[in-house]
Amino acid sequence: MHDRGARDPGQHGGRRRPDVHGRRPMTAPSRPVKTRFCPSPTGLVHVGAMRTALFNWAHARHTGGTFVFRIEDTDAARDSEESYRHLLDCMRWLGMEWDEGPEVGGPNGPYRQSERAEVYRDVAGKLLASGHAYESFSTNEEVDARRRAAGQDPKLGYDNADRHLTDAQKQAFRDEGRAPVLRLAMPDEDVVWTDLVRGEVRFAAGSVPDFVLMRGNGAPLYPFTNPVDDALMGITDVLRGEDLLPSTPRQIALYRALTDIGVAQGTPRFGHLPLVFGDGNKKLSKRDPQSNFDVYRERGFLPEGLINYLALLGWAIADDRDVFSPAELVEAFDVTRVSANPARFDLKKAEAINATHLRALPVEEFLARVTPYLATAGLVAEPPTEEQARVLEAIAPLAQERMIVLSDAVGLLGFLFTEDVEIEPAAAEKQLGAGAGEVLDAAVAALQELPEWTTPAIETALKEALVEGLGRKPRQAFGPVRVAVSGRTVSPPLYESMELLGRDRTLARLAAARATATG
RNA sequence: GCCCCCAUCGUCUAGCGGUCCAGGACGCCGCCCUUUCAAGGCGGUAGCACGGGUUCGAACCCCGUUGGGGGCACCA
């Protein structure tokens with residue numbers, strides 16, 4: 001039962017692009033699957049990043065493999081401790097526990113690149129000694145000038161000119177005070193790989209210049225640290241955004257060099273996930289408010305709702321269903337069936353999915369999750385008083401099916417926990433205009449002397465007074481009353497709400513609304 | 001400019017050569033239920049970018065065009 005890790009994920013379904021031999025373009029993994037999520041702790045947590053994390057996590061869990069969490073904080077200028085902590089918090093909130101990583105440990109630590117300087121220095125030394133990497137002294141200006149002199153586009157970048165410098169030449173540069181960067185010598189052949197989501201991808205030989213592994217000051221760069229750590233940590237499957245696809249040839253070249261010197265045990269499989277777009281036709285940038293993961297959390301998206309929606313960005317569980325639990329996602333996830341085209345983040349759909357999860361929650365669970373939002377808004381005590389708890393319990397099932405996110409409860413239920421209600425201007429405009437006075441008067445008259453203050457009694461009294469008495473359509477009869485009592489056009493069921501509110505507050509609100517009603 | 005990726009309803013997708021005059025979901029529209037708003041149920045709207053091949057047969061395979069996107073740092 002634990003052989004899933006050795007199973008070829010491709011066998012779960014067909015494949016988009018069989019190769020010429022009719023085989024699925026995936027090599028069977030020689031080791032159990034090991035994936036990783038390796039964000040940089042800079043600024044806000046990005047929904048696109050969390051989607052990437054989710055796919056890596058789901059792939060590892062589905063195959064019975066291992067999920068590694070690594071922090072790529074090699075850029076001291078941009079990284080922050082706060083961002084780092086927040087990242088861990090977001091991962092845990094979504095329920096994506098990691099098997100190796102910060103605060104959890106593991107055999108290949110440390111898991112923060114800022115603590116791995118020696119590792120990089122060591123590997124860089126080996127690469128240099130073995131001839132896979134070399135010291136390069138050219139400045140950007142010099143490269144640029146050479147390209148122009150040759151009648152070429154300077155955008156072509158570095159020209160590999162320093163590959164074969166003699167010791168004397170190197171010494172001459174050093175004497176000038178120059179500190180060399182370390183570059184990897186790219187192989188002189190096409191780089192081809194079979195992408196887990198895109199099939200065969202090929203970059204022609206010579207199209208990727210020798211790139212920098214280490215700065216002149218000895219600081220390692222991302223294109224170097226990332227594959228080195230993946231190799232040392234035994235990562236088998238790299239699932240990342242399509243924006244990184246152009247850098248994959250470099251990674252693969254480095255991997256081959258690392259394998260050659262015994263640091264890596266082969267090259268991992270790559271899967272380039274579709275980008276996540278925002279409203280425009282552009283990938284969701286960090287600047288885009290839509291990309292901020294926190295806003296969804298704060299609004300009260302459920303972790304399972306957000307996971308569900310995020311998984312839908314490039315993947316489908318079945319042709320006739322798109323609501324599922326995290327466990328179902330893990331059970332069904334197949335990375336080879338991830339779509340290659342960009343996905344737009346559609347808030348409306350995300351909300352619809354979340355609302356479905358919200359309604360599916362057992363009432364007690366719903367109550368437990370919603371209460372903190374009411375407490376934060378100052379509507380109930382923390383924990384709620386006995387009386388508040390009674391009201392909450394009664395209203396929860398009725399509120400649950402009227403909400404999209406947990407924070408909706410503040411607006412929807414606030415009226416039950418305050419003395420006076422604040423009426424929304426738009427609601428007043430719609431329901432407290434001409435004709436409302438008559439309705440409110442009749443409602444007050446009917447309710448004032450009601451022998452018992454119960455939902456059925458209120459219902460009967462109101463229907464008699466407003467529908468039969470005034471001859472109004474229910475829609476017109478109850479609209480003004482609802483707004484007077486709850487302050488909004490959408491509320492929990494009216495009679496139940498009134499019962500919970502009590503006779504005094506109900507009558508007071510009807511009277512208050514009557515005073516402002518224009519007719 | 002160069003390199004690369006992508007191309008099915010407005011959006012996310014199913015579709016892996018015949019079962020597709022293309023299925024689901026969100027949105028939108030309508031109806032029903034409820035003598036209450038919402039929710040729910042039912043129905044409707046709308047799509048294979050274009051042009052060439054290959055094939056008895058193409059949304060599915062190949063080529064091209066067009067369109068969109070991404071990347072081209074001693075950032076990650």
Side-chain angles (χ1 to χ4, degrees), chain A residues 13-18 38-40 42 72-75 77-79 136 139-140 152-158 179-183 195 197-198 201-204 207-209 211-223 225-226 241-249 272 274-275 277 281-283 309 312-323 337 339-353 355 359 398-403 412 427 431 459 462-463 466-468 472-479 481-483 486 488-495 497:
Chain A
R15 223 317 23 188
R16 62 185 57 255
R17 221 168 264 118
C38 50
S40 291
T42 59
E72 308 224 328
D73 52 352
T74 53
D75 186 356
R78 299 197 311 161
D79 300 322
S136 171
T139 63
N140 288 336
Q152 294 166 333
D153 185 348
K155 280 258 187 190
L156 256 22
Y158 174 67
V181 299
L182 189 69
R183 289 185 188 271
D195 198 273
V197 345
R198 278 151 223 278
V201 180
R202 172 184 299 267
F203 282 74
S207 61
V208 183
F211 63 100
V212 177
L213 303 173
M214 295 234 280
R215 285 171 162 165
N217 66 7
L221 263 15
Y222 160 82
T225 58
N226 181 275
E242 192 200 331
D243 50 340
L244 291 170
L245 197 150
S247 73
T248 303
H272 289 89
L275 257 17
F277 282 5
N281 252 0
K282 290 268 179 286
K283 81 169 172 172
Y309 181 66
L312 252 16
L313 260 20
W315 182 76
I317 194 166
D319 60 1
D320 61 350
R321 181 166 78 112
D322 58 13
V323 174
R337 294 185 60 84
S339 163
N341 33 342
R344 189 179 310 279
F345 190 98
D346 181 353
L347 184 60
K348 278 278 198 299
K349 176 126 183 183
E351 290 176 339
I353 295 282
R359 277 179 239 118
L398 306 173
Q400 192 171 4
E401 57 194 39
R402 262 151 252 257
M403 290 167 42
L412 190 69
Q431 294 291 355
E459 175 172 1
L462 244 25
K463 281 179 178 169
L466 308 182
V467 181
E468 280 142 45
R472 293 207 165 215
K473 287 194 156 70
R475 183 175 284 272
Q476 271 92 46
F478 299 109
V481 179
R482 181 185 305 283
V483 170
S486 74
R488 316 181 126 220
T489 54
V490 176
S491 79
L494 189 54
Y495 321 124
S497 296

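- In terms of position along RNA chain B, the nucleotide closest to A/Phe203 lies nearer the 5' end than the nucleotide closest to the other residue of the pair A/Phe203 and A/Asp319.
- For the pair A/Arg321 CZ and B/rA25 P, the interatomic distance rounds to 13 Å; values are reported in whole Å.
- Across the strands present, B/rU36 finds no partner; the criterion is a Watson-Crick or G-U wobble pair with both atom distances under 3.5 angstrom.
- Nucleotides B/rG23 and B/rG30 are separated by 24 Å at their P atoms, to the nearest Å.
- Comparing B/rC6 with B/rC12, their C1' atoms sit 15 Å apart, to the nearest whole Å.
- A/Thr248 has no side-chain polar atom (N or O) that falls below the 4.0 Å cut-off from OP1 or OP2 of B/rC4.
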Residue pair A/Leu312, A/Ile353: steps toward the side chain to side chain contact (heavy atoms under 4.5 Å, CB included) verdict: CA-CA 10 Å; A/Leu312 252 16; A/Ile353 295 282; 3.9 Å; yes

Protein-nucleic acid N or O pairs under 3.5 Å, nucleotides 64-68 of chain B:
none

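- In a base pair of the Watson-Crick type (N1 to N3 plus N6-O4 or O6-N4) or a G-U wobble (N1-O2 and O6-N3), with each distance short of 3.5 Å, B/rC72 is matched with B/rG1.
- Following rounding to the nearest Å, A/Asp322 (CG) and B/rG23 (P) show an atom-to-atom distance of 16 Å.
- Between B/rG1 and B/rA59, the distance separating the two C1' atoms is 35 Å to the nearest Å.
- Here the shortest heavy-atom pairing between A/Leu313 and A/Arg344 reads CD1-O, 3.9 Å.
- Atom NZ of A/Lys348 and atom P of B/rG27 are 8 Å apart (whole Å).
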Base versus backbone protein contacts along nucleotides 36-41 of chain B [heavy-atom cut-off under 4.0 Å; B, S, -]: BBBSS-

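- Taking atom P in both B/rG64 and B/rA7, one finds a spacing of 15 Å when rounded to whole Å.
- Of the candidate nucleotides B/rC26, B/rC75, B/rG71, B/rC26 has the atom nearest to the side chain of A/Lys349.
- As the counterpart of B/rA25, B/rU11 is assigned, both hydrogen-bonding distances of the Watson-Crick or G-U wobble pattern falling under 3.5 Å.
- Contact annotation: the side chain of A/Asp346 approaches that of A/Lys348 to within less than 4.5 Å [non-hydrogen atoms, C-beta and beyond].
- Here the closest non-hydrogen pair linking A/Ala179 and A/Gly216 is CB-O, 3.7 Å.
- For the OP1/OP2 pair of B/rC3 and a distance below 4.0 Å, the side-chain nitrogens and oxygens of A/Lys155 include no atom meeting the criterion.
- Each of A/Leu275 and A/Asp153 was matched to the nucleotide of RNA chain B holding its nearest heavy atom; the match closer to the 5' end belongs to A/Asp153.
- By the ring pair (Phe, Tyr, Trp, His ring centres under 6.0 Å) test, A/Tyr495 pairs with A/Phe478, sequence neighbours left out.
- Among B/rA25, B/rU13, B/rG71, the nucleotide with an atom closest to any side-chain atom of A/Pro246 is B/rG71.
- If you check B/rA49 for Watson-Crick or wobble pairing at under 3.5 angstrom, you find it paired to B/rU65.
- The distance between the ring centers of A/Tyr158 and A/Phe211 does not fall below 6.0 angstrom.
- When the C1' atom is used for both B/rG51 and B/rA14, the distance is 27 Å, rounded to whole Å.
- Spacing between B/rG41 and B/rC33 at atom P, rounded to whole Å, works out to 16 Å.
- Atom CG in A/Leu156 sits about 9 Å away from atom P in B/rC3, given to the nearest Å.
- Nucleotides B/rG18 and B/rU65 are separated by 29 Å at their C1' atoms, to the nearest Å.
- B/rC42 sits 16 Å from B/rU34 when the C1' atoms are compared, rounded to a whole Å.
- Under the Watson-Crick or G-U wobble criterion, with both distances below 3.5 Å, B/rA59 has no partner in any strand shown.
- Considering all non-hydrogen atoms of both residues, A/His272 and A/Glu242 come closest at CB-CA, 4.1 Å.
- Taking every side-chain heavy atom of A/Asn341 into account, B/rU8 is the closest of B/rG70, B/rC5, B/rU8.
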